[in-house]
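Lettering of chains follows the sequences in order, A, B, ..., and the numbering in each one begins at 1. Side chains are part of it too, since the values below use all heavy atoms of this structure and drop only hydrogens, waters and symmetry mates. As the structure is a computational prediction, the values presented were derived from the model and not from experiment.
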Amino acid sequence: MPPIFALVDCNNFYASCERVFNPRLEGQPIVVLSNNDGCVIARSNEAKALGIGMGVPEFQIRPLLRAHKVQVFSSNYTLYGDMSQRVMETLEQFCPDNEIYSIDEAFLRLSGFTARNRTDYGHTMRSTVKQWTGIPVSVGIAETKTLAKIANRVAKRTPDTGGVFDLLACPDRDALLGRIAVHDVWGIGPNHAHLLKQHGITTAVQLQQVDDQWIRKQMGIVGLRLVMELRGVSCLDLEQCPAPKQSLTCSRAFGAFISTLTEMEEAVSSYTSRVAEKLRGERLAATVLTVSLTTNAFKDGPQYNNALTIKLPVATDHTPELIRSALQGIKAVYREGYQYKKAGVMLMGLVPVGQVQTDLFDHHDRVRSTRLMSALDGVNARWGLGALQYASSGITKKWKTQFHRRSPAYTTQWDELPVVKAG
DNA sequence: TCTGGGGTCCTAGGACCC
DNA sequence: TCTGGGGTCCTAGGACCC
């Protein structure tokens, strides 16, 4: 029996999260900004209707935001991560055969349903998620993941679907695919959209009908797979046990320019602590570390970008060891005379902690340092990330990322829980 | 003044080996 | 004049995703 996929996607996820705990935002335009309150990364429907684009710098639309009383939020990833988990746990109850694809999307395998039942089930899931979490979702159903993505798009944009659309029950699929622009197909980015357009291919239905050899030559195996998926031949299966991570990164723009090595060392040290926490959270250790730094490409003035990759002597998840290597790296690439905007620390060559190949000459007391790291992570989990920090991360931190308009961590910090007033 | 962050996969080309 | 062939591994860069 051919598979059937449903894609459940949260509507305007970050904006919806803000709304759940602040009901007076219902019906109002909302935007959520990236780190340092730089760009728009989420918009409510009302904000989209004002013509606010995805990724637009906040300063460029400031007058518009003010004129329409748009509610502006800094991003609050602690809140969004927790809300995501609630949504996914709800979906899990409906369909354990699922893949959490991103913070706001999951693919489900719906087998053994008739067409009528599928749509009904979609509506039940949708209303349950809304009732249990407050988050509105849309459901797209089809025989491949790529088509389920398209079905979801239709569900989201066509009010009379009630938020659920089953492409298998669509009487004229070609007409529908003819209305989907090729750049809106999952897997077609700006570059391939341009290439396809030059060959007269502008809609999903045209893409579906291209010659196999031609698409293989133009877009490689990925392109051919995509076209097969559009034809209803499933090539992308559910990935239920996610492959172990290959890399972990912490890279961030600074809240204020850095122009001294000391401050750069603080920032890199702080970013390394963060990525090391992620590493331990995944129960992995790293064998390769890359540090990078860059000036502001948007500004005039001297530019400098550089990165350095260091092979670690022994795979480690121990923050001080990682900081030592990162600092050694940043010293080597740092040049005086620039205004730095951003730095990053990436860990690669990840191996499960249980399988670390130790060095004959490695005298480090690993048992002791593991206990220390657990204690550190425990304190930070209890009191909030950054409660306990390494001195090398600095104290004043003028460079720290700015979040001027952040909502409370409504669901993860006792002192920030929403208060319900009796009245 | 002010422009995000974190990932994956594929491919082409070079180095190296037999 | 004439300059193999095939395999593997690694890396950098491109393209895409949310």
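At a non-hydrogen distance threshold of 4.0 Å, nothing from residues 246-268 of chain A comes into contact with DNA chain C.
A:Trp399 has its CH2 atom 19 Å from the P atom of B:dC2, to the nearest Å. What separates CZ of A:Arg405 from C1' of B:dC2 is a distance of 11 Å, to the nearest Å. As a whole-Å value, the separation of A:His183 NE2 from C:dA15 C1' is 17 Å. In this structure, A:Asn191 atom CG and B:dT11 atom P are separated by 16 Å, rounded to whole Å. Between the C1' atom of C:dC17 and the CD1 atom of A:Ile150 lies a distance of 16 Å, rounded to the nearest Å. The separation between A:Ile61 atom CD1 and B:dT3 atom C1' is 12 Å, rounded to whole Å.
Using a 4.0 Å heavy-atom cutoff across all strands shown, A:Val40 reaches no nucleic acid atom at all. Note on A:Asp104: only backbone sugar-phosphate atoms sit closer than 4.0 angstrom, heavy atoms only; bases stay farther off. In this structure, A:Asp37 reaches neither bases nor backbone, as no heavy-atom distance under 4.0 Å exists between it and the strands shown. The residue A:Ile221 sits close only to the backbone: its heavy atoms come under 4.0 Å of sugar-phosphate atoms, none of a base.
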Query raised in the report: Stepwise, does the ring pair (Phe, Tyr, Trp, His ring centres under 6.0 Å) test hold for A:Phe73 with A:Tyr14?
Result: CA-CA 10 Å; A:Phe73 292 91; A:Tyr14 297 171; over 10 Å; no

Requested in this report: Before giving the answer on ring pair (Phe, Tyr, Trp, His ring centres under 6.0 Å), spell out for A:Phe107 and A:Trp186 the whole-Å C-alpha distance, their side-chain angles and the decisive distance to 0.1 Å.
Outcome: CA-CA 14 Å; A:Phe107 286 103; A:Trp186 190 40; 5.7 Å; yes

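One finds a side-chain N or O of A:Lys278 lying less than 4.0 angstrom from the OP1 or OP2 phosphate oxygen of B:dG7. The side chain of A:Lys342 contributes an N or O atom lying less than 4.0 Å from OP1 or OP2 of B:dG5. Phosphate proximity of B:dC10 to A:Arg225: present, with a side-chain N or O under 4.0 Å from OP1 or OP2. At least one side-chain nitrogen or oxygen of A:Asn296 sits closer than 4.0 Å to the OP1 or OP2 atom of B:dT3. An OP1 or OP2 oxygen of B:dT3 is reached within less than 4.0 angstrom by no side-chain nitrogen or oxygen of A:Lys299. A:Lys149 has a side-chain polar atom (N or O) that falls below the 4.0 Å cut-off from OP1 or OP2 of C:dC18.
Separating the CZ atom in A:Arg280 from the CG atom in A:Leu248 is a distance of 12.0 Å, to the nearest 0.5 Å. Summarising the geometry, atom CG belonging to A:Leu327 is positioned 10.0 Å from atom CZ belonging to A:Arg324; distances are rounded to the nearest 0.5 Å. With rounding to the nearest 0.5 angstrom, the CD1 atom of A:Ile30 is 9.0 Å from the CG atom of A:Asn12.
In this structure, A:Arg62 forms no cation-pi arrangement with A:Phe59, as its terminal cationic atom is not both closer than 6.0 Å to the ring centre and no more than 45° off the ring axis. Taking the ring centre of A:Phe254 as origin, the terminal cationic atom of A:Lys400 falls outside the region bounded by 6.0 Å and 45° from the ring axis.
Every stem involving DNA chain C, taken as at least 3 paired positions in a row under the Watson-Crick or G-U wobble test at 3.5 Å, is listed here: B:5-18 with C:5-18.
Atom CZ of A:Arg283 sits in a sparse spot, with 12 or fewer heavy atoms from other residues, nucleotides or ligands closer than 6.0 Å. No more than 12 heavy atoms of other residues, nucleotides or ligands sit less than 6.0 Å from atom CD of A:Glu239.
Residues satisfying the ring pair (Phe, Tyr, Trp, His ring centres under 6.0 Å) criterion with A:Phe113, sequence neighbours excluded, are A:Tyr121.
The same atom, C1', is picked in C:dC18 and in B:dC2; the two are 25 Å apart, to the nearest Å.
In this structure, of B:dT8, B:dT3, C:dC18, it is B:dT8 that holds the atom nearest to the side chain of A:Lys245. Here the side chain of A:Asn35 is nearest to one of B:dG4, B:dC10, B:dT3, namely B:dG4. Listed nucleotides B:dT11, C:dC17, B:dT1 differ in distance to A:Arg216; the shortest reach to its side chain belongs to B:dT11.
Place A:Pro244 and A:Tyr14 on DNA chain B by their nearest nucleotides, and A:Tyr14 ends up nearer the 5' end.
In summary, A:Arg109 and A:Asp237 engage in a salt bridge, as defined by a charged side-chain N under 4.0 Å from a carboxylate O.
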